[in-house]
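On a predicted model such as this, the values are computed, not experimentally measured, just so you know. Chain naming here is simple, since letters A, B, ... match the order of the sequence lines and numbering starts at 1 in each.
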2 protein chains.
Amino acid sequence: MRVVTPEANRPRLSRDLIVAAARSVADSTGLDSLTLREVARELGTGQASLYRHIADRRELLGLLADDLALGFPLADPALPPRERLPALWQSLHGYLSRHRWAARVIVDGEHTSRNAVPFVDSLLDCSAAVGMGPALAMRTYQAVYNLLLGYLLNEHPMGHDREGGQRPLPGWHVAGGQDAFCWAMRCLLDGVLEGRGDL
Amino acid sequence: MRVVTPEANRPRLSRDLIVAAARSVADSTGLDSLTLREVARELGTGQASLYRHIADRRELLGLLADDLALGFPLADPALPPRERLPALWQSLHGYLSRHRWAARVIVDGEHTSRNAVPFVDSLLDCSAAVGMGPALAMRTYQAVYNLLLGYLLNEHPMGHDREGGQRPLPGWHVAGGQDAFCWAMRCLLDGVLEGRGDL
DNA sequence: ACCTGAACACCGTTCAAGT
DNA sequence: ACCTGAACACCGTTCAAGT
């Protein structure tokens with residue numbers, strides 16, 4: 001939908017407005033269609049004007065990742081300690097899978113956004129509550145994070161399909177979505193906790 | 001002696017030649033630089049000529065993924081059964097991390113290549129050898145595969161870096177590469193095997 | 001019949017010219 | 001001083017014209 005405002009009181013261009021427009025474009029037509037021309041059109045301005053507020057498309061995607069990280073969940077203290085960690089990861093999975101561009105934008109970015117710090121802190125607290133040391137907690141965080149990204153990317157595949165709609169391989173259908181990730185995530189956490197903690 | 005090809009010594013264009021050239025371009029300058037123009041230049045032909053053998057760039061990436069899958073490892077029967085599964089995954093990780101474009105080309109593709117069938121069969125054999133049923137083996141395969149993709153994508157990040165070379169976040173450095181993946185993979189497999197096998 | 005230069009419709013980015 | 005239309009250098013893809 002087009003943010004159409006009378007030219008007189010159209011708000012001044014800003015990074016926030018650009019990011020919001022980019023988000024709207026990505027939500028509705030996907031990350032590949034997120035072009036600076038489209039963002040400019042959504043804002044009713046010229047494409048060159050965007051460069052007054054952002055360095056380039058790379059930075060815009062970074063800002064999008066930052067914006068996304070603002071909504072990362074926190075642990076629920078009402079839950080028993082053992083359940084907090086898996087529940088938090090499940091919550092993050094639910095949040096990220098609501099935006100098909102989320103995993104892509106995260107994977108394309110080199111670093112974790114600073115806005116993710118509260119989430120990670122919350123995660124480390126949960127890890128400490130079940131007896132993990134800081135190093136083990138970080139390693140586990142990285143492991144589940146990578147697992148999550150893998151599942152998200154396979155949930156929203158976008159790529160070179162083979163000819164026709166042929167099924168991948170006979171008998172290869174596996175349950176996807178929330179359930180599959182949660183099962184794998186719990187197995188991974190179990191494996192970490194049952195392990196002799198060699199770290 | 002008579003030269004069979006009436007043309008110059010340049011061999012006829014074919015899908016295989018195109019894929020080989022694409023692979024060489026991706027290996028040396030990365031997946032983003034893998035343009036049809038560059039592949040054509042590498043082959044000394046016009047870009048339009050490629051379309052005689054491939055449908056479009058999407059298909060070329062698919063062929064690249066197929067070519068990659070041809071080199072997937074198989075289980076080592078000399079190993080004790082318990083070790084075959086982790087060793088096979090470690091071997092796949094080593095193979096894929098040798099090409100920085102590998103994870104990207106796999107993630108962009110919608111389906112697993114048919115050329116990966118021997119690898120997956122080998123994997124399922126290993127799973128059966130440690131007492132996993134077919135459904136559990138498939139679920140586990142999917143889980144470790146997604147974990148692997150996550151690690152590979154973070155090993156070869158290419159994206160919107162934040163301003164300057166600032167470290168991600170203080171104290172956030174975690175060991176990457178082979179070790180980190182292997183640790184996580186073994187934890188995941190342990191978690192699956194120690195689990196009460198609710199599948 | 002087979003191939004391909006040149007064109008087309010995009011893209012990110014820049015800059016001289018507008019206000 | 002601020003903004004932006006138009007241009008530039010790319011990209012994937014197509015097609016009429018070459019051989």
Practice task
With sequence neighbours excluded, tell me which residues meet salt bridge (charged side-chain N to carboxylate O under 4.0 Å, His left out) with R52(B).
Solution key: none
Problem - dA7(C) versus dC8(D) - spacing of their P atoms, nearest Å - result: 16 Å
Handout entry: Annotated protein contacts, base or backbone, on nucleotides 12-19 of chain D with a non-hydrogen cut-off under 4.0 Å, one of B, S, - each
Key = BBBB----
Completion exercise
For residues 86-97 of chain A, the salt bridge (Lys or Arg N to Asp or Glu O under 4.0 Å) pairs (sequence neighbours left out) are none
Practice task
Rounded off to whole Å, could you give me the CG-to-C1' distance for the L50(A) and dC3(D) pair?
Solution key: 12 Å
Completion exercise
Those residues at least two apart in sequence (or on a different chain) that pass side-chain contact (heavy atoms from CB on, under 4.5 Å) with A143(A) are L188(A), Y151(B), W183(B), A184(B)
Practice task
Provide, to the nearest angstrom, the distance between the CG atom belonging to L13(A) and the C1' atom belonging to dC2(D).
Solution key: 12 Å
Handout entry: Separation of atom CZ in R41(A) from atom P in dC11(C), rounded to whole Å
Key = 8 Å
Practice task
Apply ring pair (Phe, Tyr, Trp, His ring centres under 6.0 Å) to H53(A) and list each qualifying residue two or more places apart in sequence or on a separate chain.
Solution key: none
Practice task
To the nearest Å, give me how far apart CZ (R52(A)) and C1' (dT4(D)) are.
Solution key: 10 Å
Handout entry: Q47(A) side chain near E38(A) side chain, heavy-atom distance below 4.5 Å
Key = no
Exercise for the section: Determine: side-chain N/O of T45(A) to OP1/OP2 of dC3(D), distance under 4.0 Å, yes or no. Expected result: no
Handout entry: Nucleotide dC11(D), atom C1' - distance to CG of L60(B) in whole Å
Key = 15 Å
Problem - Secondary structure string for DNA chain C (Watson-Crick or G-U under 3.5 angstrom, | for other-strand pairs) - result: ||.|||||...|||||.||
If you look only at distance, which donor and acceptor atoms sit under 3.5 Å apart when one is on a side chain in residues 69-83 of chain A and the other is two or more places apart or in another chain?
| unit_1 | atom_1 | unit_2 | atom_2 | d |
| --- | --- | --- | --- | --- |
| D76(A) | OD1 | A78(A) | N | 2.9 |
| E83(A) | OE1 | R186(A) | NH2 | 2.6 |
| E83(A) | OE2 | R186(A) | NH2 | 3.1 |

Handout entry: Set of residues satisfying side chain to side chain donor-acceptor pair (under 3.5 Å) with respect to D27(B), sequence neighbours excluded
Key = H99(B), W101(B)
Completion exercise
Across all chains, not counting sequence neighbours, the salt bridge (charged side-chain N to carboxylate O under 4.0 Å, His left out) partners of D125(B) are none
